[in-house]
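Worth knowing before you read on, the calculation uses all heavy atoms, side chains too, and leaves out hydrogens, waters and symmetry mates. This structure is a prediction, so every number in the text was calculated from the model and none was measured. First the proteins, then the strands, lettered A, B, ... as listed; each starts at 1.
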There are 2 protein chains.
Amino acid sequence: MKIGDLARTAQCTVETVRYYEREGLLPPPARTAGNFRDYGHEHADRLRFIRNCRALDMSHGEIRSVLALADQPAAGCGAVNEVFDQHIAHVDERIRELEQLRGALLALRERCRHEQAVEACGILQGLAEMESEPRHERHTHLG
Amino acid sequence: MKIGDLARTAQCTVETVRYYEREGLLPPPARTAGNFRDYGHEHADRLRFIRNCRALDMSHGEIRSVLALADQPAAGCGAVNEVFDQHIAHVDERIRELEQLRGALLALRERCRHEQAVEACGILQGLAEMESEPRHERHTHLG
DNA sequence: TGCACACCCTGAAGTTACTATAGGGTCAAC
DNA sequence: GTTGACCCTATAGTAACTTCAGGGTGTGCA
């Protein structure tokens, strides 16, 4: 099948499919005489696998390591479990960050209950008063 | 003060300060005879404000709209409240997404309790079996 | 005065995971 | 032959930084 057909099986765009091929996540397919990509069910299965991983917010790096293992059926799956454990830990961490952020935002929001003049706005005053924090270190690809 | 001094007051890097100037968040400062940037306390206050907004995961677009209002002390602050309400709603939504994701990840993780051969791994089988989902629409800049 | 070191400058490229644009080719149906 | 749907490659853009390349400035010390 052609690239548009493949993309539709995985509910993504042809641009994304080509991108995955460039990134090495999808192997290059056969070509027709007209240079169109020609895919079989192996590609459809692989693309679905990749899209499922993306739906789980796994990074390309994580997907690569899982794919490498999936291609060795007799190997032990310990590394898959490890990828998942780390990913789950990152999700937990990001949830905590967002919950803290939510608390801070609500506290600020409470400082301005009605529209008033900017110079009297408790939110803006709060933004001006806060002590700036050290740069946030990136701990997770989840935002 | 010079850019390194300014960056230290806001606990960020000189590169970030220059970036904010290029993005128009920070106004261009005076220059010394040697072409070094020369900042006063107004810039320090503005940079702290911006960093505080960033610490709250506000996007540059959101920060721009809030700064525009902060520069009009007699205007009404309704739009600030609106920015915050939307931002809080986005945080809520992202928390919900991540909690659903967490549930899905834990369910998959449960399918493989001990290391075994890849071909018997319940996680990999799950990733292969899942129906692919439509492309995720971007609803929030929070990841 | 010259050197060393810390810091400054601009411009461009890189990160991640796509997404859009530009310009041109292929193929099937009418 | 024409038209419309789809195909191709290459490149640039998105957001918010961060890094790299190559060169300049200023201060303290020998």
Review point. So B:Glu99 and B:Arg102, salt bridge (Lys or Arg N to Asp or Glu O under 4.0 Å) or not? Walk me through it.
Key: CA-CA 5 Å; B:Glu99 278 171 349; B:Arg102 186 172 184 277; over 6 Å; no
Practice item. Run the numbers on A:Arg94 and A:Glu97 for salt bridge (Lys or Arg N to Asp or Glu O under 4.0 Å), then give the verdict. Key: CA-CA 5 Å; A:Arg94 184 63 181 147; A:Glu97 285 178 355; 2.8 Å; yes
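Ion pairing between A:Arg96 and A:Glu93 fails under the 4.0 Å rule for side-chain N and carboxylate O.
Transitive grouping of hydrophobic side chains (ILVMFWY, heavy atoms separated by less than 4.5 Å) keeps A:Tyr39 and A:Phe36 in distinct clusters.
Between the CG atom of A:Leu25 and the P atom of C:dT16 there is a distance of 12 Å, rounded to whole Å. Atom C1' of nucleotide D:dA15 and atom CD of B:Glu62 are separated by 12 Å, given to the nearest angstrom. Per the geometry, CD belonging to B:Glu23 stands 13 Å off P belonging to D:dG13, to the nearest Å. The NE2 atom of B:His141 sits 14 Å away from the C1' atom of D:dC17 (whole-angstrom rounding).
Here the closest non-hydrogen pair linking B:Leu56 and A:Leu127 is CD1-CD2, 3.6 Å. Considering every non-hydrogen atom in both B:Ile50 and B:Leu25, the closest pair reads CD1-O, 3.6 Å.
Between A:Thr32 and A:Glu15, the one whose closest nucleotide on DNA chain C sits nearer the 5' end is A:Glu15.
For the helix from C:dT1-D:dA30 to C:dC30-D:dG1, the end axes, each set by the C1' atoms of five terminal pairs, are bent relative to each other by 30° (nearest 10°).
Checked by atom type and distance alone, the side chain of B:Asp38 never pairs as donor or acceptor with a backbone atom of B:Thr32 at under 3.5 Å.
For DNA chain D, the residues of residues 50-60 of chain B within the heavy-atom distance limit of 4.0 Å (strictly under) are B:Arg51, B:Arg54, B:Ser59, B:His60, sorted by number.
Residue B:Tyr19 places no side-chain N or O under 4.0 Å from the OP1 or OP2 atom of D:dA15. Taking 4.0 angstrom as the limit, A:Thr16 places none of its side-chain polar atoms (N or O) nearer than this to OP1 or OP2 of C:dA17.
The distance from the CZ atom of B:Arg48 to the NE2 atom of B:His41 is 11.5 Å, given to the nearest 0.5 Å.
Among pairs with a residue in residues 64-81 of chain B, those fulfilling side chain to side chain donor-acceptor pair (under 3.5 Å) read B:Glu23-B:Arg64, B:Arg46-B:Asp71, at least two apart in sequence or across chains. Within the structure, ring-ring contact (aromatic ring centres under 6.0 Å, His included) pairs that include any residue of residues 84-121 of chain A comprise A:His87-A:His141 (at least two apart or interchain).
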Could you pull out the protein-nucleic contacts involving nucleotides 6-10 of chain D (nitrogen or oxygen on both sides, under 3.5 Å)?
unit_1 : atom_1 : unit_2  : atom_2 : d
D:dC7  : OP1    : A:Gly4  : N      : 2.5
D:dC8  : OP1    : A:Arg37 : N      : 2.7
D:dC8  : OP1    : A:Arg37 : NH1    : 3.1
D:dC8  : OP2    : A:Arg18 : NE     : 3.4
D:dC8  : OP2    : A:Arg18 : NH2    : 3.0
D:dC8  : OP2    : A:Arg37 : NH1    : 3.4
D:dC8  : O5'    : A:Arg37 : NH1    : 3.4
D:dC8  : O3'    : A:Arg31 : NH1    : 3.3
D:dT9  : OP1    : A:Arg31 : NH1    : 3.3
D:dT9  : OP1    : A:Arg31 : NH2    : 2.8
D:dT9  : OP2    : A:Arg37 : NH1    : 3.0
D:dT9  : OP2    : A:Arg37 : NH2    : 2.9

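Taking the side-chain contact (heavy atoms from CB on, under 4.5 Å) definition, one finds that B:Arg8 meets it with B:Asp5, sequence neighbours left out.
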